[in-house]
Amino acid sequence: MLILTLETTCDETAAAVVTDRLEVLASVVASQDDLHRRFGGVVPEIASRAHLERILPVIDETLRKANLSLAQIDAVAVANTPGLAGSLLVGLSAAKALCVARQIPLVAINHLQAHIYACRLAAGREVFPCVGLIVSGGHSSLYRCSGPLDFELLGGTIDDAAGEAFDKVAAMLGLPYPGGPSIERAAAGGNAKAYSFPRALLRDPRLDFSFSGLKTAVRYAIAAAKKGSELFFPGAGRIADVAMEKNSSDPFFRLSPEQVADLAASFQEAAVDCLVGKTFAALKQTGMCTLCVGGGVAANSRLRQRLQEEADRRRIALHVAPLRLCTDNAVMGAIAVERLRAGRVEGLDLDVFPGVIRKAV
Ligand code: KG4
Ligand code: ZN
């Protein structure tokens, strides 16, 4: 059985062809990073318009790479939750049109479940039950994953997502978008102990994250690190505008490369501490001994290293999505195979659900 999977939840337009034996025949990802770079983050309206332009060429390219025609596809699966409403609509509309034209089944994909399923694909064997940590530009969520389709929210961010914090701090430091890889590169040459940033909620028994205080602490540290910081700080406008303006043109306000590296390393260490601390608290609370980690921030090598160290120490089986499957892609949409096996086919009234679902079954 051949399944075409579509992914348009945020700012990647992606398609893949997978089989019911979880083989990947082709995968195409059209990134929109170039379109959003000058804004320092994803602009929803630009994202949905770009999806509209790209979805059909991406599907064509995927079929071409798989050496298949549309007539050979047996089902279409599409991520319909969570994500940006306009972006989700583009993928869902395309999927519905293909299903109507070909009279084939439509399958719904929960994007967060798909991020965890990337670990199942890479492992080549069952990884459930497990605690699932999804860390991306839009989400920082911990789930009790009783099975691939049976997720219960244990905790999540109460403000910024982890990736969002990386992106915003990178903008403040004048580093290019997307911020996660830029921070990681800058941090490689820095001292993670140079600045002591807050680790929010770590002593709180709830399994929630908070990154906005950390982001604000970095902003104040940047201001203090710059000579004459008091000149621009009062009444400042948007954080990114102020930081980029002062960073780029006026030498009086510019941070040295060493300061940028130390700030990036110290921020990264604090963010990783929060993610690792809460994740292992979740494993302890649930009594589970397998951990799966997915989403764009899971590409961060310091996070991967710290998770592995902690997992080894506590004898937890750790599965982190391989780098190519961390950021958004349609290969992880192979979770559609599980839905099809469970007889979960959708009607044409399937809608988009932008928000996070607490209990997905
Ligand atoms: O999963 P993803 O592609 O999209 C969403 O569903 O949001 O994740 C994108 C996020 C961005 O915020 C990006 O900065 C972050 O993942 N990211 C990283 C790294 N690579 C991507 N964050 C930290 N370190 C990285 N190496
Ligand atoms: Zn994602």
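All ligand and atom numbering here is 1-based and tracks the order in the structure. Since this is a predicted model, take the numbers as computed values, not measurements.
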Under 30°, 30 to 60°, or over 60°: which ring-plane class applies to His36 and Tyr177, parallel, tilted or perpendicular?
-> perpendicular
Nitrogen or oxygen atoms of Gly295 and ligand 1 under 3.5 Å apart: no
For the Zn ion (ligand 2) the protein N, O or S atom count under 2.8 Å stands at 3
Subject >> Lys226 side chain reached by Leu255 side chain, heavy atoms, under 4.5 Å >> reply: yes
To atom 13 (C) of ligand 1, the nearest of Asn300, Ile183, Asp167 on a heavy-atom basis is Asp167
**Message:** Can you confirm whether Leu52 sits close enough to Arg49 that some side-chain heavy atom of one is under 4.5 Å from a side-chain heavy atom of the other?
**Reply:** no
* Asked: Do Ser146 and Glu152 have side-chain N/O donor and acceptor atoms under 3.5 Å apart?
  -> no
Ligand 1 atoms nearer than 4.0 angstrom to some heavy atom of His115 are 1 (O)
Query raised in the report: Does any N or O in the side chain of Arg102 come within less than 3.5 Å of the main-chain N or O of Ile73, such that one atom is a donor and the other an acceptor?
Result: yes
| task | For the pair Phe166 and Phe267, name the ring-plane relationship: parallel under 30°, tilted 30 to 60°, perpendicular over 60°. | result | perpendicular
Residue, atom and distance of the protein heavy atom nearest atom 9 (C) of ligand 1 read Gly137 N, 3.7 Å
Here the atoms of ligand 1 under 4.0 Å from any heavy atom belonging to Gly138 are 7 (O)
So the atoms of ligand 1 within less than 4.0 Å of a heavy atom of Glu184 turn out to be 24 (N), 25 (C), 26 (N)
Among Leu84, Leu325, Asp328, Ile134, the residue with a heavy atom nearest to atom 6 (O) of ligand 1 is Asp328
In terms of its nearest heavy atom to atom 23 (C) of ligand 1, the top option of Cys326, Ser301, Ala298, Gly180 is Gly180
Arg206 atom CZ, over 12 foreign heavy atoms within 6.0 Å = no
Stepwise, does the side-chain contact (heavy atoms from CB on, under 4.5 Å) test hold for Leu275 with Phe211? CA-CA 10 Å; Leu275 292 171; Phe211 293 104; 3.8 Å; yes
I want to know if ligand 1 touches Phe166 in the polar sense, i.e. an N/O pair below 3.5 angstrom.
no
If we number the atoms of ligand 1 from 1 as shown, the ones under 4.0 Å from a heavy atom of Thr327 are 3 (O)
If we number the atoms of ligand 1 from 1 as shown, the ones under 4.0 Å from a heavy atom of Gly163 are 12 (O)
- request: Taking Arg144 for its side chain and Ala282 for its backbone only, find out whether a donor-acceptor pair lies under 3.5 Å.
  value: no
Numbered in order shown, the ligand 1 atoms found under 4.0 Å of a heavy atom of His111 are 6 (O)
Taken in chain and number order and not counting sequence neighbours, the residues that satisfy salt bridge (Lys or Arg N to Asp or Glu O under 4.0 Å) with Arg64 are Glu61
query: In terms of hydrophobic clustering (I, L, V, M, F, W, Y; side-chain heavy atoms under 4.5 Å; direct or indirect links), are Val356 and Leu88 co-clustered?
result: no
Checking heavy atoms under 4.0 Å, the part of His139 that sits near ligand 1 is neither
Quiz question: by atom type and distance under 3.5 Å, do the side chains of Asp159 and Ser210 form a donor-acceptor pair? yes
Parallel, tilted or perpendicular for Tyr195 and Phe197, by the 30°/60° rule?
parallel
Residue, atom and distance of the protein heavy atom nearest atom 17 (N) of ligand 1 read Gly296 O, 3.5 Å
